[in-house]
Number of protein chains: 2
Amino acid sequence: MDNKIVDVAKRAGVSAATVSRVLNDSSLVSEKTKQKVLKAVEEMDYHPHAAAKQLRSQRTMTIGVIVPDIIVSYFSEIIKGIENAAYARKYKVIICDSDNELEKEMEYLGLLSNRTVDGMILVTPFVSDDIIKDYSQKGYTLGVIGRAIDDEVILSCKTNNVQFSEAAVRHLIEQGHKQIAYIGGFSDSMENYERMEGYLKALKDNRIPFKPGLIDSGHFMESGGYEATLRLFERQEPFTAVFTANDEMALGVYRACRERGVRIPEDLAVVGVDNNRITGYIVPPLSTVEQPKYEMGVCLAEKLIDQLNDLNASEQNKYVIESRLIVRDSSNYLRN
Amino acid sequence: MDNKIVDVAKRAGVSAATVSRVLNDSSLVSEKTKQKVLKAVEEMDYHPHAAAKQLRSQRTMTIGVIVPDIIVSYFSEIIKGIENAAYARKYKVIICDSDNELEKEMEYLGLLSNRTVDGMILVTPFVSDDIIKDYSQKGYTLGVIGRAIDDEVILSCKTNNVQFSEAAVRHLIEQGHKQIAYIGGFSDSMENYERMEGYLKALKDNRIPFKPGLIDSGHFMESGGYEATLRLFERQEPFTAVFTANDEMALGVYRACRERGVRIPEDLAVVGVDNNRITGYIVPPLSTVEQPKYEMGVCLAEKLIDQLNDLNASEQNKYVIESRLIVRDSSNYLRN
DNA sequence: TTGAAAGCGCTAACAA
DNA sequence: TTGTTAGCGCTTTCAA
């Protein structure tokens, strides 16, 4: 198992260069030589040393993915898409779980600088656009999922946040709701801005007054949604429906309602975002928005690898994949 | 950004070797020189080239993890444990999602042979013990989670399947059940054998006859649990409780019961395994077994890295972490 | 179509 | 305490 390319060369009666050519599908090798080499490779169970190859070729065939928390299914599904697309192209994926810490994400970005990875995909709201642009300008290849960056090179794949949020809130309005609360995620993340924008648009189109007292946020977490709901209950402003920027926070809404004896959907209609698997099993099943998580992962991984191989010189760098509203019992209740 | 170690050396007025020493915390460098070097490194934004380092040192500081499906929370939580433990020791983690295909797993095992990773952790039932032993004998470092391998070197971390399964079934018996079905996972996986063993033990200790007609299996998947339940319903053998080898399959039981109008827990008590997050939200909440997934990941990653660094010559190589039963409403109903 | 030789960027043995 | 030198195992000119 510790054979080197020269050992194979010796056994096959050729030079190391020839073995290398065979192994890298060079066309300049005669069929006969090729067979000899392949036979030797087989017999010796030879495996080219990855580091040597990487050093010489200056590419690692590896990409990194930074996520805040791999356990959250939103992220693991994206990762799966990335991994599957990478595998099909002989690329490996290094997983970088930041535990929601910017510092850890910055450290992982260093894998670009020391050439551990050929490219990096960020699925996190913490690293700023400027930092990503900096890396891009230094010549590194990177892409983001879930947001877009104002740049000509950096790849991005996101979903139509504004439209589906508008659709979700419009749906609530059609059910007869006029006081609709919004629980956002991180208040400075692009997802959050856009989902709120959709919320506002739906209100505007239906001439429903915007009430700041109905806006709160919960950091995309169950506990955050729970606390936000309790705060909303404390306030004077009544509301009959709530739109949360993701399903996790909607679970928090459910918990708060259970504790306070608020019935869903009779007293309060709820709509989330993600179509987290859990949402189909809870009672009542949660209306939500199906996001193409796996597909976004595949899309960005493919484009990134293309970019690493100069395969998309003239192509676009921003992709949007559509999400769609799924109405379930948590909001399927016509208000008079 | 394309500086090499000699460039730094030049700037600092020392040799490349000295820079290397400083960067690798060698003690043989004077404080003054060290500061000079560090300053140059800083000013030039120098990052050692990973591949060169790897080639020279013959280690990649990377480990691989093979899982059947990263989306399943059982696996993503283990991965998180591995990743976090690895990060703390400056190791990276390459994720290998096999989509339940043995062939893909075999290919990923090749990352050991070509030295892309220093070690590999398998969290999958598909690769046989013999294959793992083969790799180990070739000198590669690997470990498994969820099963144990009869070997002196290969690391393993699992949980006490027999005991907690016995406890789960005993709990059902204490609730007054005498006809208890068992839905297993892959019929040849060690988890499955051991969980079934616990099931049998509980029956034996309580002189409850074993009925083959109450045994079925569902490949650890929701759909499998659903189908197994339907098959059990078809048979003549009546039963009032079911123990499933994981929570996913219990979800399938729920679905089958909903369709057939079988009430949980009044008509059928259900107990699963995993404490999948979902189980606390469904109705009725599912009794299950809390498995230390994250901890198993941490444990094995730490031991594996220790082994890579010859830090555990005399230590054990098999670890068992305890799981415990969580009784919720799905089985909390005393039968007369 | 093949081989010889140089070198990717780093570390470590040896010498000073 | 520091520098010199020799590779780690591969790919890729260049020459034949």
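Chain letters run A, B, ... following the sequence lines, proteins first, then strands; residues in each count from 1.
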Could you check how far [atom1] of [X] sits from [atom2] of [N], rounded to whole Å?
X: B:Gln35; N: D:dT2; atom1: CD; atom2: C1'; answer: 17 Å
X: A:Lys10; N: C:dG3; atom1: NZ; atom2: C1'; answer: 15 Å
X: B:Asp7; N: C:dC8; atom1: CG; atom2: P; answer: 11 Å

Five pairs at each end of the helix from C:dT1-D:dA16 to C:dA16-D:dT1: take the axis at both ends and give me the angle between them to 10°.
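About 30° separates the two local helix axes.
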Salt bridge (Lys or Arg N to Asp or Glu O under 4.0 Å) contacts in which one or both residues fall within [range], not counting sequence neighbours:
range: residues 75-85 of chain B; answer: A:Asp69-B:Lys80, A:Asp97-B:Lys80, A:Asp99-B:Lys80
range: residues 4-15 of chain B; answer: B:Arg11-B:Glu43
range: residues 116-132 of chain A; answer: A:Asp129-A:Arg147

Counting primed atoms, P, OP1 and OP2 as sugar-phosphate and everything else as base, the B/S/- map of nucleotides 8-16 of chain D against protein heavy atoms under 4.0 Å is BBBBBB---
message = Show, in sequence, the C-alpha distance, side-chain angles and deciding distance for B:Ile94 and B:Lys92, and conclude whether the side chain to side chain contact (heavy atoms under 4.5 Å, CB included) test is met.
response = CA-CA 7 Å; B:Ile94 285 186; B:Lys92 277 99 36 192; over 6 Å; no
Worksheet item: Is it the case that more than 12 heavy atoms not belonging to A:Asp150 sit under 6.0 Å from its CG atom?
Response: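 Open.
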Just checking A:Lys318: does its NZ atom have more than 12 heavy atoms from other residues, nucleotides or ligands closer to it than 6.0 angstrom?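 Yes, NZ of A:Lys318 has more than 12 neighbouring heavy atoms, counting only those of other groups under 6.0 Å.
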Run the side chain to side chain contact (heavy atoms under 4.5 Å, CB included) check on A:Lys138 and A:Leu112 step by step: do they pass?
-> CA-CA 10 Å; A:Lys138 283 186 193 160; A:Leu112 280 170; over 6 Å; no
Original post:
How would you list, by chain and number, every residue that makes a ring-ring contact (aromatic ring centres under 6.0 Å, His included) with B:Tyr87, sequence neighbours excluded?
Top reply: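 Expected list: A:Tyr108.
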